[in-house]
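Naming: A, B, ... by sequence-line order, numbering from 1 per chain.
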Amino acid sequence: MRQLPPLSEPSFGFAQTPFGECCIVFSNDGICALIFPESKESAYADLDNRFPETDFRQDDAKAIRLARKIFEEGQKPLLNPIGTDFQLSIWRALQRIPAGKTATYAQIAEAIGRPKAVRAVGTAIGANPIAYLIPCHRVIRTDGGLGGFRWGLDCKKKMLDYEKKK
DNA sequence: ATAAAGGCCACCC
DNA sequence: GGGTGGCCTTTAT
(Lines give C-alpha, C1' and ligand atoms only; values in the text may rest on other atoms or scores of the structure.)
Protein backbone atom coordinates (compact mmCIF):
# COMPACT_ATOMS: atom_id res chain seq x y z
CA MET A 1 0.00 0.00 0.00
CA ARG A 2 2.82 2.45 0.06
CA GLN A 3 1.82 5.33 -2.10
CA LEU A 4 1.45 8.54 -0.25
CA PRO A 5 -0.38 11.54 -1.49
CA PRO A 6 1.72 14.59 -0.66
CA LEU A 7 0.85 16.02 2.71
CA SER A 8 0.53 19.74 3.11
CA GLU A 9 2.47 20.88 6.17
CA PRO A 10 2.87 17.48 7.80
CA SER A 11 3.01 17.74 11.58
CA PHE A 12 2.75 15.64 14.69
CA GLY A 13 2.58 16.12 18.42
CA PHE A 14 2.00 14.38 21.72
CA ALA A 15 -1.02 14.93 23.96
CA GLN A 16 -2.73 13.44 26.99
CA THR A 17 -6.01 11.55 26.65
CA PRO A 18 -8.22 9.56 29.01
CA PHE A 19 -6.40 6.50 27.68
CA GLY A 20 -2.82 7.63 28.07
CA GLU A 21 -0.53 9.74 25.99
CA CYS A 22 -1.15 9.69 22.28
CA CYS A 23 0.69 10.89 19.23
CA ILE A 24 -1.39 12.69 16.62
CA VAL A 25 -0.16 13.05 13.06
CA PHE A 26 -1.88 15.66 10.95
CA SER A 27 -1.60 18.03 8.01
CA ASN A 28 -3.77 20.62 6.34
CA ASP A 29 -5.68 17.71 4.82
CA GLY A 30 -6.72 16.25 8.16
CA ILE A 31 -5.58 13.74 10.71
CA CYS A 32 -3.69 10.83 9.23
CA ALA A 33 -2.77 8.98 12.40
CA LEU A 34 -3.60 8.78 16.08
CA ILE A 35 -1.63 6.21 17.98
CA PHE A 36 -0.86 5.23 21.56
CA PRO A 37 2.86 4.49 21.51
CA GLU A 38 4.71 2.98 24.43
CA SER A 39 7.43 5.57 24.16
CA LYS A 40 8.49 8.57 22.11
CA GLU A 41 11.00 6.37 20.35
CA SER A 42 8.41 3.88 19.23
CA ALA A 43 6.26 6.78 18.06
CA TYR A 44 9.08 8.08 15.91
CA ALA A 45 9.73 4.61 14.54
CA ASP A 46 6.06 4.14 13.75
CA LEU A 47 5.89 7.51 12.06
CA ASP A 48 8.97 6.82 10.01
CA ASN A 49 7.57 3.48 8.99
CA ARG A 50 4.16 4.79 7.94
CA PHE A 51 5.40 7.94 6.24
CA PRO A 52 8.88 7.34 4.89
CA GLU A 53 10.59 10.32 3.29
CA THR A 54 8.23 12.72 5.01
CA ASP A 55 9.66 15.27 7.36
CA PHE A 56 7.29 16.37 10.04
CA ARG A 57 7.23 19.48 12.13
CA GLN A 58 6.53 18.88 15.81
CA ASP A 59 3.63 20.89 17.17
CA ASP A 60 2.51 19.68 20.57
CA ALA A 61 0.32 22.71 21.18
CA LYS A 62 -1.81 21.91 18.16
CA ALA A 63 -1.91 18.24 19.11
CA ILE A 64 -3.13 19.18 22.57
CA ARG A 65 -5.83 21.41 21.12
CA LEU A 66 -6.91 18.57 18.85
CA ALA A 67 -6.96 16.10 21.71
CA ARG A 68 -9.17 18.41 23.75
CA LYS A 69 -11.62 18.72 20.88
CA ILE A 70 -11.67 15.00 20.31
CA PHE A 71 -11.78 13.61 23.83
CA GLU A 72 -13.42 16.41 25.81
CA GLU A 73 -15.73 18.12 23.36
CA GLY A 74 -16.54 15.02 21.34
CA GLN A 75 -15.78 16.70 18.06
CA LYS A 76 -14.60 14.84 15.02
CA PRO A 77 -11.96 16.62 12.98
CA LEU A 78 -11.37 15.92 9.31
CA LEU A 79 -9.72 12.54 8.78
CA ASN A 80 -7.21 11.61 6.14
CA PRO A 81 -6.40 7.92 6.58
CA ILE A 82 -4.13 6.26 4.08
CA GLY A 83 -4.71 2.68 3.00
CA THR A 84 -5.87 0.30 0.29
CA ASP A 85 -9.42 0.49 -1.07
CA PHE A 86 -10.34 -2.55 0.97
CA GLN A 87 -9.02 -0.98 4.14
CA LEU A 88 -10.65 2.37 3.47
CA SER A 89 -14.05 0.80 2.92
CA ILE A 90 -13.73 -1.01 6.22
CA TRP A 91 -12.58 2.07 8.10
CA ARG A 92 -15.57 3.92 6.66
CA ALA A 93 -17.87 1.18 7.88
CA LEU A 94 -16.41 1.43 11.38
CA GLN A 95 -17.38 5.08 11.53
CA ARG A 96 -21.01 4.11 11.12
CA ILE A 97 -21.04 2.26 14.44
CA PRO A 98 -22.62 4.61 16.97
CA ALA A 99 -20.75 5.39 20.18
CA GLY A 100 -21.75 3.08 22.99
CA LYS A 101 -22.60 0.29 20.55
CA THR A 102 -20.56 -2.58 19.18
CA ALA A 103 -20.50 -4.61 15.99
CA THR A 104 -18.87 -7.92 15.16
CA TYR A 105 -16.12 -8.56 12.65
CA ALA A 106 -18.62 -10.62 10.66
CA GLN A 107 -21.12 -7.76 10.58
CA ILE A 108 -18.49 -5.42 9.19
CA ALA A 109 -17.63 -7.95 6.52
CA GLU A 110 -21.31 -8.13 5.67
CA ALA A 111 -21.61 -4.34 5.64
CA ILE A 112 -18.98 -3.90 2.96
CA GLY A 113 -20.46 -6.67 0.85
CA ARG A 114 -17.68 -9.19 1.48
CA PRO A 115 -19.28 -11.63 3.93
CA LYS A 116 -16.55 -14.21 3.49
CA ALA A 117 -13.64 -11.86 4.05
CA VAL A 118 -14.03 -11.90 7.81
CA ARG A 119 -10.46 -12.86 8.45
CA ALA A 120 -9.16 -10.09 6.23
CA VAL A 121 -11.53 -7.66 7.94
CA GLY A 122 -9.84 -8.43 11.24
CA THR A 123 -6.46 -7.76 9.72
CA ALA A 124 -7.61 -4.51 8.13
CA ILE A 125 -9.15 -3.31 11.37
CA GLY A 126 -5.87 -4.03 13.07
CA ALA A 127 -4.21 -1.74 10.57
CA ASN A 128 -6.46 1.20 11.45
CA PRO A 129 -4.15 4.23 11.65
CA ILE A 130 -6.49 6.54 13.54
CA ALA A 131 -7.34 5.06 16.93
CA TYR A 132 -10.56 6.13 18.62
CA LEU A 133 -11.76 8.41 15.80
CA ILE A 134 -12.03 5.39 13.56
CA PRO A 135 -13.62 3.30 16.28
CA CYS A 136 -11.98 -0.05 15.80
CA HIS A 137 -12.46 -0.62 19.53
CA ARG A 138 -16.20 -1.09 18.92
CA VAL A 139 -15.67 -4.31 17.02
CA ILE A 140 -15.86 -7.58 18.92
CA ARG A 141 -16.10 -11.25 18.12
CA THR A 142 -19.28 -13.04 17.13
CA ASP A 143 -18.94 -15.29 20.16
CA GLY A 144 -18.96 -12.25 22.45
CA GLY A 145 -15.23 -12.23 23.06
CA LEU A 146 -13.40 -8.93 22.96
CA GLY A 147 -11.17 -9.88 20.07
CA GLY A 148 -7.84 -8.14 19.79
CA PHE A 149 -6.59 -4.60 20.02
CA ARG A 150 -3.46 -3.03 18.69
CA TRP A 151 -2.87 -0.94 21.81
CA GLY A 152 -3.72 -3.60 24.38
CA LEU A 153 -6.98 -5.18 25.36
CA ASP A 154 -7.48 -3.13 28.52
CA CYS A 155 -7.26 0.00 26.41
CA LYS A 156 -10.06 -1.38 24.24
CA LYS A 157 -12.06 -2.13 27.36
CA LYS A 158 -11.50 1.36 28.74
CA MET A 159 -12.70 2.96 25.53
CA LEU A 160 -15.85 0.88 25.51
CA ASP A 161 -16.62 1.64 29.16
CA TYR A 162 -15.92 5.30 28.58
CA GLU A 163 -18.45 5.45 25.75
CA LYS A 164 -21.02 3.42 27.56
CA LYS A 165 -21.02 5.83 30.48
CA LYS A 166 -21.90 8.83 28.37
C1' DA B 1 5.37 -15.18 -7.94
C1' DT B 2 4.91 -17.28 -3.78
C1' DA B 3 4.69 -17.86 1.10
C1' DA B 4 3.32 -16.59 5.69
C1' DA B 5 0.92 -14.18 8.81
C1' DG B 6 -2.97 -12.22 10.76
C1' DG B 7 -7.60 -8.20 16.18
C1' DC B 8 -12.07 -14.32 12.53
C1' DC B 9 -15.65 -18.01 12.31
C1' DA B 10 -18.06 -22.48 12.15
C1' DC B 11 -17.59 -26.89 13.45
C1' DC B 12 -15.92 -30.67 15.87
C1' DC B 13 -14.43 -33.01 20.21
C1' DG C 1 -12.68 -25.27 27.23
C1' DG C 2 -9.32 -26.66 23.03
C1' DG C 3 -7.95 -27.69 18.18
C1' DT C 4 -8.69 -27.66 12.76
C1' DG C 5 -9.68 -26.04 8.31
C1' DG C 6 -11.32 -22.52 5.36
C1' DC C 7 -11.54 -17.79 4.24
C1' DC C 8 -9.29 -13.24 2.22
C1' DT C 9 -5.87 -9.34 2.16
C1' DT C 10 -1.27 -7.59 2.94
C1' DT C 11 3.58 -7.78 3.40
C1' DA C 12 7.85 -9.84 3.10
C1' DT C 13 10.65 -12.92 0.67
Legend entry - Atom of P129(A), atom of C32(A) and distance for their closest heavy-atom approach: CB-O, 3.8 Å
Legend entry - Worked verdict on F36(A) versus Y132(A) for ring pair (Phe, Tyr, Trp, His ring centres under 6.0 Å): CA-CA 10 Å; F36(A) 291 92; Y132(A) 192 76; 8.2 Å; no
Inset, instruction - Taking only heavy atoms on the protein side, list every residue of residues 143-158 of chain A lying under 4.0 Å from any atom of DNA chain B, sorted numerically. - result: G148(A), F149(A), R150(A), K156(A)
Legend entry - Which nucleotides of DNA chain B pair, in dot-bracket form (Watson-Crick or G-U under 3.5 Å, | meaning another strand): ||||||.||||||
Inset, instruction - Report the distance from atom CG of N49(A) to atom C1' of dT11(C), rounded to the nearest whole Å. - result: 11 Å
Inset, instruction - Check the distance between dT9(C)'s P and L88(A)'s CG and give it to me in whole angstrom. - result: 15 Å
Inset, instruction - List for me each residue that meets side chain to side chain donor-acceptor pair (under 3.5 Å) alongside Q58(A), sequence neighbours excluded, and say none if there are none. - result: D60(A)
Inset, instruction - Under 4.0 Å from any atom of DNA chain B, heavy atoms only: list the residues of residues 93-108 of chain A that qualify, in numerical order. - result: Y105(A), A106(A)
Legend entry - Length of the line joining I90(A):CD1 and dT9(C):P, which is rounded to integer Å: 9 Å
Legend entry - Shortest non-hydrogen contact from A127(A) toward W91(A): O-CZ2, 3.5 Å
Inset, instruction - Name the nucleic acid region contacted by V121(A), choosing base, sugar-phosphate or nothing; use a 4.0 angstrom heavy-atom cut-off, strictly under. - result: nothing
Short heteroatom pairs, N/O only, protein and nucleotides 2-8 of chain C, under 3.5 Å:
unit_1 : atom_1 : unit_2  : atom_2 : d
dC8(C) : O3'    : R114(A) : NH2    : 2.9

Legend entry - Span of DNA chain B, from the first to the last nucleotide whose atoms fall under 4.0 Å of chain A heavy atoms: dG6(B) to dA10(B)
Legend entry - K69(A) atom NZ, over 12 foreign heavy atoms within 6.0 Å: no
